[in-house]
Amino acid sequence: MLKINENYLKLQASYLFSDIARKVASFQEQHPDMDVIKLGIGDVTRPLPDACIKAFHAAVDEMGTESGFHGYGPEQGYEFLRQAIADNDFQARGAKITADEIFVSDGAKCDTGNIQELFSIDARVAIPDPVYPVYLDTNVMAGRTGTFADGRYQGITYLDSTHENSYVPELPAEPVDLIYLCFPNNPTGSTISKEQLKIWVDYAKENKALILFDAAYEAFIRDDSLPHSIYEVEGAREVAIEFRSFSKNAGFTGTRCAYTVVPKECVAYDSAGNRQPVHPLWNRRHCTKFNGVSYPVQRAAEAVYSDEGKAQVRELVGSYLKNGDLIARVIGELGFDYVGGDNSPYIWIRSDRDSWEFFDMLLTRAGVVCTPGAGFGKCGRGYIRLSAFNSYENVERAMERIRQAL
Ligand code: PLP
């Protein structure tokens, strides 16, 4: 008799987006003339930058020639892309990351989900609350948690991100081995300073722990004092893995390209307490289970680093930030406490209402869709998330309607 992995039965069905879709559909049925504006999604809305499209087309044409055809590529990614990433995203910022420490993949979602399998099942895991759900669910699937009760899994150390700590969690009270951090944060839109990040790096060093740093929204950072990479912090090479993505900077959510950085000094320990480098383990996993991102997609990603590409990506991200600025301004004028909208495409809004009640009110009174914070964890109760991924015209209309409605 084949038995299932019962850890899957512990997973909480995510009704968040289906519940939102159901409520929106029912509202639209009752108000067919009302156009509902969606500020709930985390997907980008603008097309790929022209530089990427040109490179994409050229690479597809190459694939149709004898001399330019590419079959299986290197699993870790083509040298041209890994080198462009190392030079532009790290070396240019003083972070000593080399091309051979970069693993190109088809998404930060897969990488942040898969990375946990390198570590022992009894690793003590710290996860922020509220959170991008992938970190939590993949640890549940792996069997690192007990059951779910009152909004939380037993066996996980939750790192509360609240108004009180300005949405940057404090060090855990109990010892942990594996720490997930995400900045600029989804869903809160909060950022972390170099000094705050150094506290985590020092903690990881002292406790022989490892930080999994998700920087998928790095391109939204416009405040020069903020770190773009954890490797800008001294000592991070030994204790941190970083995840990046082309999804939110260059609109690759449907094209798929991302990368993970595993520095050579990064270690974990075997049961005898010996230091074991993590780089060969991730390399082994990547080569065994993944067969590379397609050549045209990697050429399109490389174009992000051309002069033309850099200017277009900056304009693209800037347009979402302009939306974020407008949302944050109106929300602030309406007297709400909020975080994000600058250096991030998300605005996390606090209210004294239940987050679903707030959602219903915005939908029914303003015809605007948000995401209820409760869907991201216990600490999200009483919050909603607005997203800047839409056109400026729609954001302007949405904010005017919210202003009228509240
Ligand atoms: N990490 C965070 C924090 C995200 O919010 C998302 C997507 O919304 C991802 C990773 C996924 O990125 P990708 O499209 O590269 O899989």
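Excluded from the calculations below are hydrogen atoms, water molecules and symmetry mates; all remaining heavy atoms, backbone and side chain alike, are included. As the structure lists them, so they are numbered: ligands from 1, and atoms in each ligand from 1. When a residue number appears, it is its place in the shown sequence, counting from 1.
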| request: Please could you name the atoms of ligand 1 that Gly107 approaches to less than 4.0 Å, counting only its heavy atoms? | output: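 In order of number, 15 (O), 16 (O).
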| message | Using heavy-atom distances only, which candidate in Ser247, Gly254, Ala258 approaches atom 14 (O) of ligand 1 most closely? | response |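 Among Ser247, Gly254, Ala258, the closest heavy atom to atom 14 (O) of ligand 1 comes from Ser247.
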| message | When you compare ligand 1 with Lys109, is there at least one nitrogen or oxygen pair between them that comes in under 3.5 angstrom? | response |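 Yes; at least one N/O pair falls below 3.5 Å.
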| Are any of the N/O atoms in Asn186 less than 3.5 Å from those in ligand 1? |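 Asn186 vs ligand 1: N/O contact under 3.5 Å present.
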Separation of [Y] [atom2] from [X] [atom1] (nearest 0.5 Å):
| X | Y | atom1 | atom2 | result |
| --- | --- | --- | --- | --- |
| Ile347 | Asp342 | CD1 | CG | 9.0 Å |
| Ile241 | Leu210 | CD1 | CG | 4.5 Å |
| Thr162 | Tyr167 | OG1 | OH | 7.0 Å |
| Ser26 | Gln30 | OG | CD | 4.5 Å |
| Ile41 | Thr371 | CD1 | OG1 | 9.0 Å |

Among protein heavy atoms, which sits nearest to [atom], and what does the distance come to when rounded to 0.1 Å?
| atom | value |
| --- | --- |
| atom 16 (O) of ligand 1 | Arg256 NH2, 2.7 Å |
| atom 11 (C) of ligand 1 | Tyr132 OH, 3.3 Å |
| atom 8 (O) of ligand 1 | Lys248 NZ, 2.7 Å |
| atom 12 (O) of ligand 1 | Ala108 CB, 3.7 Å |

| query | Hey, does Cys182 sit under 4.0 Å from ligand 1 if you only count heavy atoms? | reply |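 For ligand 1, residue contact (heavy atoms, under 4.0 Å) with Cys182 is present.
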| request: Report yes or no: does Asp214 have a heavy atom closer than 4.0 Å to ligand 1? | output: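 Contact present.
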| Per the side-chain hydrogen bond (donor to acceptor under 3.5 Å, both in side chains) rule, which among Asp177, Asn207, Thr157 passes with Arg124? |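 It is Asp177, the one option of Asp177, Asn207, Thr157 that forms the side-chain hydrogen bond (donor to acceptor under 3.5 Å, both in side chains) with Arg124.
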| Per-residue contact class, Tyr217 against ligand 1 - non-hydrogen pairs under 4.0 Å |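 For Tyr217, the contact with ligand 1 is made by the side chain alone.
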| said: Are Phe389 and Tyr320, when compared by the centres of their aromatic rings, separated by less than 6.0 Å? | reply: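 They qualify: ring centres under 6.0 Å apart.
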| said: Any carboxylate oxygen within less than 4.0 angstrom of a Lys/Arg side-chain nitrogen, looking at Glu242 and Arg244? | reply: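 So Glu242 pairs with Arg244 through a salt bridge.
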